[in-house]
Amino acid sequence: MKMAKRPELTEEDLKHMVFQKNPEVTYKRKAGIITIVREQNHPIQKFFRKLHMHIPEESYLEMDEYGSYVFTKVNGRRNAYEIGKELAEKFPDTDKYRYTRLVLFLQQIESVDHLIERVS
């Protein structure tokens, strides 16, 4: 059985993909690496803390250099095409799948991690 091939993203599609950081997300930047700080304040977590169980009040998600670079470029005005061009300058060894990988990453941190929101 042959799998259906995904339609290729055009330059125009990429130019219409604009994201902004979620204002509720807290993050730290150190030496170019982004660390997402998430509060762990769910009622169940609070309950277990009262029982003196060790549950940290915050959890951390550290991005790699590539992901950190993309996250810093997301500003509500810059589109995916522009970010991809800047990625090519910063990471010249990126291959022909740069935009596919970029879009997958942006969709992941939007829909699963809720770190960014799509503007247009």
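All residue numbers in this chain count up from 1 along the given sequence.
- Contact annotation: the side chain of Val25 never approaches that of Asp113 to less than 4.5 Å [non-hydrogen atoms, C-beta and beyond].
- The heavy-atom pair separating Leu87 from Leu102 by the smallest distance is CD1-CD1, 4.0 Å.
- When atom types are taken as modelled, the side chain of Gln107 and the backbone of Leu104 share no donor-acceptor pair closer than 3.5 angstrom.
- Looking at Glu86 and Lys73, a side-chain N of the basic residue comes within less than 4.0 Å of a carboxylate O on the acidic one, giving a salt bridge.
- Here the closest heavy-atom approach between residue Ala88 and residue Arg98 is recorded as CB-NH1, 3.3 Å.
- A donor-acceptor contact shorter than 3.5 Å links the side chain of Tyr99 to the backbone of Tyr81.
- Considering only residues two or more places apart in sequence or on other chains, Asn22 meets the side-chain hydrogen bond (donor to acceptor under 3.5 Å, both in side chains) condition with none of them.
- Looking at heavy atoms from C-beta onward, Glu110 lies in side-chain contact with Phe19 at the 4.5 angstrom threshold.
- Taken from NZ in Lys46 to CD in Gln40, the straight-line distance is 12.0 Å, to the nearest 0.5 Å.
- The two residues Met17 and Val103 have their closest heavy-atom pair at CE-CG1, 3.8 Å.
- Atom CD of Glu58 sits in a crowded spot, with more than 12 heavy atoms from other residues, nucleotides or ligands closer than 6.0 Å.
- Side-chain contact between Pro23 and Glu117 is present, with heavy atoms from C-beta onward closer than 4.5 Å.
- Judged purely by distance below 3.5 Å, without hydrogens or angles, the side chains of Glu62 and Tyr60 never pair a donor atom with an acceptor atom.
- The environment of CZ in Phe105 is crowded: more than 12 heavy-atom neighbours from other residues, nucleotides or ligands sit within 6.0 Å.
- A heavy-atom distance below 4.5 Å is not found between the side chains of Lys28 and Ile34.
- By the 4.5 Å heavy-atom criterion applied to side chains, Lys21 and Leu115 are not counted as neighbours.
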Begin with the C-alpha distance, continue with both residues' side-chain angles, and end with the deciding distance and a verdict on side-chain contact (heavy atoms from CB on, under 4.5 Å) for Thr26 and Ile36.
CA-CA 6 Å; Thr26 305; Ile36 306 299; over 6 Å; no
Would you please test Ile33 and Lys30 for side-chain contact (heavy atoms from CB on, under 4.5 Å) and show each step?
CA-CA 5 Å; Ile33 299 298; Lys30 185 177 179 182; 5.8 Å; no
Applying side-chain contact (heavy atoms from CB on, under 4.5 Å), run through Phe91 and Asp93 and close with a yes or a no.
CA-CA 5 Å; Phe91 300 96; Asp93 59 333; 3.9 Å; yes
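- In this structure, Lys85 places its NZ atom where only 12 or fewer heavy-atom neighbours from other residues, nucleotides or ligands lie under 6.0 Å away.
- Side-chain atoms of Gln45 come within 3.5 Å of backbone atoms of Asn41 as a donor-acceptor pair (strictly under, hydrogens ignored).
- Looking at heavy atoms from C-beta onward, Lys90 lies in side-chain contact with Glu65 at the 4.5 angstrom threshold.
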Take Arg29 and Thr72 through the test side-chain contact (heavy atoms from CB on, under 4.5 Å) and record every step on the way to the result.
CA-CA 9 Å; Arg29 184 178 184 171; Thr72 59; 3.7 Å; yes
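- Across all their heavy atoms, Met63 and Ser68 have their closest contact at CB-OG, 3.4 Å.
- Residues Leu61 and Tyr27 form no side-chain contact, since every pair of their non-hydrogen atoms from C-beta on lies 4.5 Å or further apart.
- Remark: Arg101 qualifies as a cation-pi partner of Tyr66 under the 6.0 Å distance and 45° angle criteria applied to the six-membered ring.
- Ile44 CD1: 12 or fewer foreign heavy atoms inside a 6.0 Å radius.
- Within the 4.5 Å cutoff, the side chain of Glu57 has heavy atoms near those of the Arg49 side chain.
- Linking ILVMFWY side-chain heavy atoms closer than 4.5 Å, directly or via other members, places Val119 and Ile116 in two distinct hydrophobic clusters.
- Side-chain atoms of Arg118 never come within 3.5 Å of backbone atoms of Val18 as a donor-acceptor pair (strictly under, hydrogens ignored).
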